[in-house]
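Data first, discussion second: the structure below is written as structure tokens.
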Amino acid sequence: MSSAEQHPEPAPETHRPGRWIALAVLVLAVLLVAVDATVLGLATPFLSEDLEPTGTQLLWIGDVYSFVIAGLLVSMGSLGDRIGRKKLLLCGATAFGAVSVLNAYAHTPEMMIVARALLGVAGATLMPSTLALIRNLFHDPRERSLAIGIWGAMASAGAAVGPVVGGFLLEHFWWGSVFLINLPVMAVLVVVGIKMIPESKNPAPGPWDLPSVGLSLVGMFAVVYAVKELAAHGGGWKVALVGVAGLLALVWFVRRQFRLPAPLLDMRLFHHRGFSGAVLADLLTILGLSGLVFFLSQFLQLVQGRGPLEAGLAELPAAVGAVTAGLLAGTVARRFTVRVVVAGGLGAIGVALAAVAAVHRDTAYPLIGALLLIVGVGAGFAFTVTSDVILSSVPKEHAGSASAVSETAYELGAALGIALLGSIVTGAYQSFTDPPGTPPAVSSAAHESLGGAVESSHLLPPHEAAGLVSSAQDAFVDGLHLASVVGAVVLLATAAAAWFLLRGQELEEGIVHE
């Protein structure tokens with residue numbers, strides 16, 4: 001088969017005019033989602049003080065966004081393939097901005113959880129749409145690698161901008177202001193996107209199968225919920241029942257996809273070893289990272305006593321490393337092979353997480369900054385290359401579904417990471433011993449969360465308050481050490497798996513589609 005027959009896209013489409021301007025608009029959505037995810041960590045101490053959530057409610061506030069996104073991404077990616085990715089992106093962006101206002105003005109923990117869930121529904125439309133549109137804008141493999149690198153770099157930039165801007169807002173306004181920063185970004189995306197982003201969709205997609213949508217959502221949500229409850233409270237027949245129901249729903253979903261003439265998700269994508277290996281690497285990597293990252297801002301603020309802006313600036317090395325590595329990832333992977341870059345990046349993150357076990361309350365910042373830089377570089381290399389592998393492994397007509405699988409792995413890993421590693425931190429934290437004479441009400445509030453301990457200590461005499469906060473901080477750091485070790489084991493095992501699963505994968509070739 002000739003090269004022309006293997007790659008039938010016409011030359012003008014390969015070099016679409018205005019593609020870089022369109023990319024600049026698309027990455028605004030990525031920036032938005034990344035900023036929203038990172039500012040929540042900084043706002044947690046303030047949110048805890050104002051809304052007074054229980055420890056379980058605080059975890060739900062942190063992870064329900066990812067739960068809902070994980071359940072809906074495949075459905076939304078497939079919907080974008082059918083109705084048009086540009087249309088889905090702009091509708092989702094408008095909804096994201098509107099629901100951000102609801103998040104900003106939530107006045108109870110329950111309302112905040114609902115608002116975060118609705119934000120997840122809107123967010124599920126954004127990420128697969130952006131990656132799918134990149135796949136259809138850039139048909140030249142090297143240009144696409146650079147575009148994906150920019151896409152990933154902007155996500156990392158959002159991780160940097162979020163804490164800094166969020167820290168500034170938290171020092172001058174109330175915690176809800178961190179959600180309102182979404183509005184101007186959304187306005188720019190919608191207004192400019194209408195003009196600059198070309199529409200794309202599958203020319204023969206078939207119907208959108210609503211039973212599959214329901215099975216995907218119920219299955220993902222139930223499985224993640226069961227894992228969360230098991231990690232936090234132990235087993236029980238109710239947790240087992242929910243978990244089994246979720247697994248059955250996912251099995252039913254998979255079997256249904258094989259029978260449908262136009263499936264919501266083409267399961268044959270997983271027959272490609274590079275595709276499956278990249279998805280698995282994404283899921284396990286985020287699982288190992290996310291729970292730790294969720295508690296890092298609390299460590300910097302509530303243990304080391306930094307202000308929110310200072311804590312945001314302290315996290316910059318991770319974003320700087322990720323941005324730099326993301327932009328270089330395509331070139332490096334072509335020189336040293338995909339598996340060397342991905343496995344090497346994951347291994348570096350694993351070693352850095354293991355070193356977090358040596359961090360204590362009085363650790364000087366240079367060590368923390370160096371570890372964050374290593375994590376950022378490793379993640380920038382690994383995630384950019386795996387995203388490139390996933391997109392180049394499928395026909396452009398299925399770009400939305402493939403992008404959704406990639407993002408589902410990311411969000412599911414985040415949800416599981418917060419549930420498992422977050423529960424490890426919470427479990428270790430709640431075991432600390434109160435100073436003698438601590439009133440029951442103060443003790444109860446202190447054991448709910450570290451923020452609750454700091455706040456409730458104000459009701460005690462200075463000497464007793466210092467003892468309570470010190471005990472709580474020590475317990476929190478112990479939990480952080482345990483979670484970091486578990487995360488390190490997950491990352492190192494994932495690096496080993498990626499080394500074998502990505503054997504022979506090369507970015508410049510990909511899969512041939514007739």
Side-chain angles (χ1 to χ4, degrees), residues 8 67-85 87-88 92 120-121 124-125 127-129 131-132 135-136 200-227 240-283 386 389-413 415-416 501 510-514:
F67 283 11
V68 174
I69 285 186
L72 286 176
L73 272 170
V74 169
S75 300
M76 292 301 181
S78 179
L79 181 62
D81 286 343
R82 285 161 168 77
I83 69 171
R85 293 143 192 158
K87 183 183 299 181
L88 184 66
V121 175
T125 68
M127 298 301 280
S129 297
L131 263 182
R135 172 66 177 87
N136 283 270
S200 70
K201 60 182 178 180
N202 189 337
W208 199 51
D209 187 55
L210 288 178
S212 294
V213 174
L215 289 172
S216 172
L217 178 60
V218 171
M220 286 286 192
F221 200 101
V223 167
V224 176
Y225 173 81
V227 171
L241 184 62
V242 172
V244 170
L247 288 174
L248 289 176
L250 291 179
V251 170
W252 190 0
F253 172 83
V254 171
R255 291 175 63 87
R256 185 174 180 84
Q257 303 318 295
F258 280 116
R259 294 197 302 267
L260 290 173
L264 197 71
L265 174 63
D266 188 353
M267 302 305 297
R268 290 171 296 181
L269 297 176
F270 291 93
H271 291 168
H272 180 234
R273 179 167 47 82
F275 181 89
S276 299
V279 171
L280 180 64
D282 282 355
L283 189 150
T386 53
V389 169
I390 289 169
L391 282 186
S392 64
S393 299
V394 301
K396 65 175 183 176
E397 290 78 11
H398 297 289
S401 296
S403 303
V405 171
S406 173
E407 294 301 324
T408 299
Y410 187 99
E411 296 297 341
L412 181 59
L416 289 172
L501 290 173
I511 303 302
V512 174
H513 306 291
E514 298 185 31

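Residue indices begin at 1 and follow the sequence shown. What's counted below: heavy atoms across the whole structure, side chains too, no hydrogens, waters or symmetry copies.
- Not a single side-chain hydrogen bond (donor to acceptor under 3.5 Å, both in side chains) links T125 to another residue, sequence neighbours left out.
- Atoms CG and OG1, from L283 and T386 in turn, are 11.5 Å apart once rounded to the nearest 0.5 Å.
- If you take NZ on K87 and CG on L79, they are separated by 9.5 Å, rounding to the nearest 0.5 Å.
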Counting only pairs under 3.5 Å, give me each side-chain donor-acceptor contact of residues 212-221, with atom names and distances, residues two or more places apart or in other chains.
unit_1, atom_1, unit_2, atom_2, d
S212, OG, D209, OD2, 2.4
S212, OG, Q257, NE2, 2.9
S216, OG, G71, O, 3.2

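- Of all heavy-atom pairs spanning V223 and L247, the tightest one is CG2-N, 3.7 Å.
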